[in-house]
Protein chains: 2
Amino acid sequence: MATINDVAKRAGVSKSSVSRVLNGNFEYMSEEMKNKILKAVEELNYRPNSVAQSLKKKSTQTIGIIISDISNPFWSEVLKGVQYECTRSGYGLMVSSSGEDAKVELENIITLKNKQVDGLIINTTGRNMDLFNQLEDEMYSFVFLDRFNDDLKTDTVIVNNILGAKQSVQYLIDQGHKRIATLLYPVENKSPRIDRLEGYKQALSENNIPIDEDLIKICSQKSESGIKATKALLSLPNRPTAIFSTNTLLNLEVLRGVREVGLNVPKDVSLFGYDDYPWVPLLDPPLSTVAQPAYQMGAKATALLINRMKRKRKTKPRIVQLDPELKIRSSCLPPSI
Amino acid sequence: MATINDVAKRAGVSKSSVSRVLNGNFEYMSEEMKNKILKAVEELNYRPNSVAQSLKKKSTQTIGIIISDISNPFWSEVLKGVQYECTRSGYGLMVSSSGEDAKVELENIITLKNKQVDGLIINTTGRNMDLFNQLEDEMYSFVFLDRFNDDLKTDTVIVNNILGAKQSVQYLIDQGHKRIATLLYPVENKSPRIDRLEGYKQALSENNIPIDEDLIKICSQKSESGIKATKALLSLPNRPTAIFSTNTLLNLEVLRGVREVGLNVPKDVSLFGYDDYPWVPLLDPPLSTVAQPAYQMGAKATALLINRMKRKRKTKPRIVQLDPELKIRSSCLPPSI
DNA sequence: ATGAAAGCGCTAACAG
DNA sequence: CTGTTAGCGCTTTCAT
């Protein structure tokens with residue numbers, strides 16, 4: 001690989017001059033010299049070594065993203081938005097995934113920081129708050145994505161999960177349902193989970209429907225615990241007439257659970273799910289879900305980060321909240337009982 | 001951020017010694033000095049700057065991957081495998097996506113090379129062959145993923161697409177079908193497309209079924225051209241009794257096309273699709289598809305690359321071919337006519 | 001056993 | 001206008 005020195009020699013000039021033309025600082029340079037240099041660059045097919053540039057400039061023009069599960073289609077859509085915005089602004093992207101493990105998250109952050117990425121987008125497990133506070137103190141740029149943290153005043157992009165849940169459950173209530181169950185993953189301190197449960201409860205309360213804890217099923221993220229939960233729900237003496245599922249995988253597990261006990265969605269029990277994809281309308285039955293603007297979330301978080309990296313001084317954190325959208329299809333019917 | 005110099009000063013030693021302990025070269029070092037240094041490292045919470053290391057060592061411990069469409073769930077599963085293998089071997093990962101655009105692919109390769117990634121995994125558009133040949137000459141490490149190129153002798157991971165297609169079509173033939181259509185994207189010179197078409201043709205030939213060009217539908221990757229193609233197929237005077245779809249999105253479009261003309265899968269027409277996901281069994285109807293080992297493809301390609309990067313000398317290229325697996329469900333029935 | 005010094009490839013202040 | 005010089009933070013000879 002040719003270096004700037006090779007180019008300088010070939011053109012018979014100093015490397016500063018080469019650096020100048022490459023960086024566009026040639027206002028005061030003779031046409032002749034400029035052309036000589038350009039010619040040498042061309043002939044050697046010279047490309048500046050970004051690592052050396054980074055070391056000098058103390059900026060890698062690269063950002064990092066840490067997500068919980070890279071194979072989740074929701075996140076790949078987010079990633080597409082991140083990608084787009086990175087490319088548009090000339091940034092590279094390093095991606096890593098935490099698998100919801102706080103320790104792995106910590107390691108990823110450290111590795112990426114050592115690699116000197118200029119900023120970080122994090123879908124945090126919510127458990128490394130002291131580290132985040134430290135980053136904050138160092139004025140290191142990062143933005144939270146999808147999960148909001150109350151204690152930390154930093155840029156965040158979230159979607160209004162209370163709204164999404166509330167509207168879905170309201171929709172079910174409008175159809176005449178009163179016994180509405182919900183399935184969710186352990187709340188821990190993850191805002192989407194907290195908020196979707198909150199939205200569910202708010203919708204019920206506002207319609208004077210008492211909250212029945214038996215109808216709130218916390219499922220494990222492993223094994224097919226959504227199927228079990230669904231079956232348990234359906235074998236209740238006073239079984240629910242509708243289910244609100246708060247996650248893609250749970251949507252599918254409910255569908256399977258209902259099927260396995262020989263019941264039918266939506267005839268025997270209605271289902272409102274979360275997250276939308278091209279295949280959701282083609283499920284049996286076409287599922288009503290709340291769609292999240294995944295692409296925009298990624299793009300917006302990236303824009304926010306790049307913006308923040310440009311400033312020097314501390315600025316007050318920006319919280320961007322996007323709205324979800326209900327996709328009404330045919331998985332919900334008025335209760336049959 | 002503390003540097004190696006800060007640590008050296010604090011410990012009252014030279015930076016060479018600090019470097020030594022950090023890199024494990026302390027066989028001949030006094031315990032005392034070693035502990036002094038470790039203490040200073042601890043106190044300053046020192047982490048080596050990877051950029052400086054990279055410049056010196058001429059290795060970034062980072063690889064790059066360029067894929068066609070990052071939001072395609074197939075690729076996110078691949079990415080997961082890549083991730084896993086990278087983490088396991090201490091490599092960072094930069095990802096970019098070409099959107100099937102050869103020019104973008106070219107730019108991505110150049111950018112990543114400038115960033116000095118140690119190697120590249122590429123799901124190539126198949127159109128920058130001169131560049132790849134050049135990389136080959138420079139002994140730059142890269143491996144092709146999913147798409148094979150005959151002209152280029154380089155490491156490649158593919159899945160046996162001829163086999164996948166042939167077995168699916170054979171399955172349809174075994175059910176009694178004779179008029180079997182197929183939908184695919186423009187072949188260009190992309191091996192999976194070529195091979196799936198080839199497998200389709202081989203299955204027919206081996207069963208003495210004449211190939212009817214009217215039953216081979218090339219669809220555009222944009223707009224919903226799969227729907228249109230399906231409708232055209234079904235309005236043929238002698239319409240096909242089964243369809244073999246060669247791509248996830250096309251699977252869905254066929255399903256919609258059939259539905260839109262008021263027909264039913266599998267009663268009126270059978271469908272065998274490509275690619276498998278957790279939601280495929282829950283479609284209406286549960287779709288028979290050929291499943292590709294996406295995760296393994298990613299992991300294997302990464303392992304291959306890392307292996308290649310370690311060697312200095314040219315070694316003969318390794319072609320790893322993985323087998324797909326048929327998932328038989330209920331979208332195929334014997335022909336009703 | 002440890003330190004001094006050179007240098008990876010680049011940019012930018014300074015000098016002229 | 002252009003070249004010289006001094007680093008960026010690290011590793012690695014080469015001395016001692």
Side-chain angles (χ1 to χ4, degrees), chain A residues 1-41 44-62 92 110-111 113-118, chain B residues 1-41 44-62 92 110-118 138:
Chain A
M1 284 261 78
T3 75
I4 197 171
N5 259 313
D6 301 330
V7 177
K9 257 177 230 159
R10 177 161 196 123
V13 302
S14 80
K15 55 182 179 171
S16 348
S17 295
V18 177
S19 176
R20 281 187 193 106
V21 316
L22 260 39
N23 292 289
N25 305 28
F26 45 69
E27 328 168 45
Y28 305 119
M29 188 177 285
S30 68
E31 274 298 304
E32 188 203 341
M33 169 157 250
K34 186 176 141 191
N35 291 137
K36 256 196 318 200
I37 294 174
L38 256 18
K39 184 157 159 277
V41 166
L44 293 172
N45 190 23
Y46 168 72
R47 311 270 171 194
N49 177 329
S50 308
V51 170
Q53 289 181 316
S54 298
L55 180 58
K56 181 73 204 184
K57 298 214 193 142
K58 294 178 174 309
S59 154
T60 52
Q61 289 284 92
T62 298
I110 291 178
T111 305
K113 269 203 73 194
N114 292 350
K115 286 197 184 290
Q116 311 297 116
V117 299
D118 295 339
Chain B
M1 285 261 76
T3 74
I4 197 172
N5 259 313
D6 300 329
V7 177
K9 259 177 227 161
R10 178 161 196 124
V13 303
S14 79
K15 54 181 180 170
S16 342
S17 296
V18 178
S19 176
R20 282 187 191 105
V21 315
L22 261 37
N23 292 290
N25 305 29
F26 44 68
E27 328 168 42
Y28 304 118
M29 188 176 286
S30 69
E31 273 297 305
E32 188 204 343
M33 166 155 257
K34 184 175 140 192
N35 290 138
K36 255 197 317 198
I37 293 174
L38 255 19
K39 186 158 157 276
V41 166
L44 293 173
N45 191 24
Y46 168 73
R47 311 268 172 194
N49 177 329
S50 309
V51 170
Q53 289 181 316
S54 298
L55 180 59
K56 183 72 206 182
K57 297 213 193 142
K58 294 177 174 309
S59 153
T60 51
Q61 289 284 94
T62 299
I110 292 178
T111 305
L112 287 170
K113 267 202 74 194
N114 293 351
K115 286 196 185 290
Q116 311 296 120
V117 298
D118 295 339
E138 295 174 12

Novice: Rounded to whole angstrom units, what separation is found between the CD atom of B:Q116 and the P atom of C:dG9?
Specialist: 9 Å
Novice: Could you work out which one of C:dG3, D:dC10, D:dG3 sits closest to the side chain of A:S14?
Specialist: D:dG3
Novice: Please check this pair: side chain of B:S59 against backbone of B:S54, looking for a donor-acceptor N/O pair closer than 3.5 Å.
Specialist: no
Novice: Please list residues of residues 22-36 of chain B whose heavy atoms come under 4.0 Å from any atom in DNA chain D, ordered by number; otherwise none.
Specialist: B:N23
Novice: Identify, with sequence neighbours excluded, every residue that meets side-chain hydrogen bond (donor to acceptor under 3.5 Å, both in side chains) alongside B:T60.
Specialist: B:D118
Novice: By side-chain hydrogen bond (donor to acceptor under 3.5 Å, both in side chains), which residues pair with B:S30, not counting sequence neighbours?
Specialist: none
Novice: Sequence neighbours left out, what passes salt bridge (charged side-chain N to carboxylate O under 4.0 Å, His left out) with A:E32? Give chain and number order.
Specialist: none
Novice: At what angle, to 10 degrees, do the two end axes of the helix from C:dA1-D:dT16 to C:dG16-D:dC1 meet, given five pairs define each axis?
Specialist: 50°
Novice: Just so I know, are the side chains of A:K34 and A:F26 near enough to count as touching, which here means a heavy-atom distance under 4.5 Å?
Specialist: yes
Novice: What is the distance from atom CG of B:L44 to atom OG1 of B:T3, rounded to the nearest 0.5 Å?
Specialist: 9.0 Å
Novice: From CG of A:N49 over to C1' of C:dG7, roughly how many Å is that when rounded to an integer?
Specialist: 14 Å
Novice: Please tell me if the side chains of B:Q116 and A:N49 come closer than 4.5 Å, counting only heavy atoms from C-beta onward.
Specialist: yes
Novice: So if I take residues 3-12 of chain B and measure heavy-atom distances to DNA chain C, which residues fall below 4.0 Å?
Specialist: none
Novice: Taking B:V13's backbone N and O only, do any of them form a donor-acceptor pair with B:S17's side chain (distance below 3.5 Å, no angle check)?
Specialist: no
Novice: Where the side chain of B:S19 is concerned, which of C:dA12, D:dT11, C:dT2 is the nearest nucleotide?
Specialist: D:dT11
Novice: A:Q61: what forms a side-chain hydrogen bond (donor to acceptor under 3.5 Å, both in side chains) with it, not counting sequence neighbours?
Specialist: A:Y91
Novice: Between D:dG9 atom P and B:R20 atom CZ, what is the distance in whole Å?
Specialist: 21 Å
Novice: Go through the structure and list residues passing salt bridge (charged side-chain N to carboxylate O under 4.0 Å, His left out) with A:K115, not counting sequence neighbours.
Specialist: none
Novice: Kindly state which residues belonging to residues 50-61 of chain A come within less than 4.0 angstrom of DNA chain D, counting heavy atoms of the residue only, listed by number.
Specialist: A:L55, A:K56, A:K58
Novice: Applying salt bridge (charged side-chain N to carboxylate O under 4.0 Å, His left out), name anything that partners A:K39, two or more places apart in sequence or on another chain.
Specialist: A:E43
Novice: Applying side-chain hydrogen bond (donor to acceptor under 3.5 Å, both in side chains), name anything that partners B:S19, two or more places apart in sequence or on another chain.
Specialist: B:N23
Novice: My understanding is that only residues two or more places apart in sequence, or in another chain, count here; which of them pass salt bridge (charged side-chain N to carboxylate O under 4.0 Å, His left out) with B:K56?
Specialist: none
Novice: For the pair made of CE in A:M1 and C1' in C:dG9, what is the distance, rounded to whole Å?
Specialist: 13 Å
Novice: So what does B:S17 hit on the nucleic acid, given a heavy-atom distance under 4.0 Å: a base, only sugar-phosphate, or nothing?
Specialist: sugar-phosphate
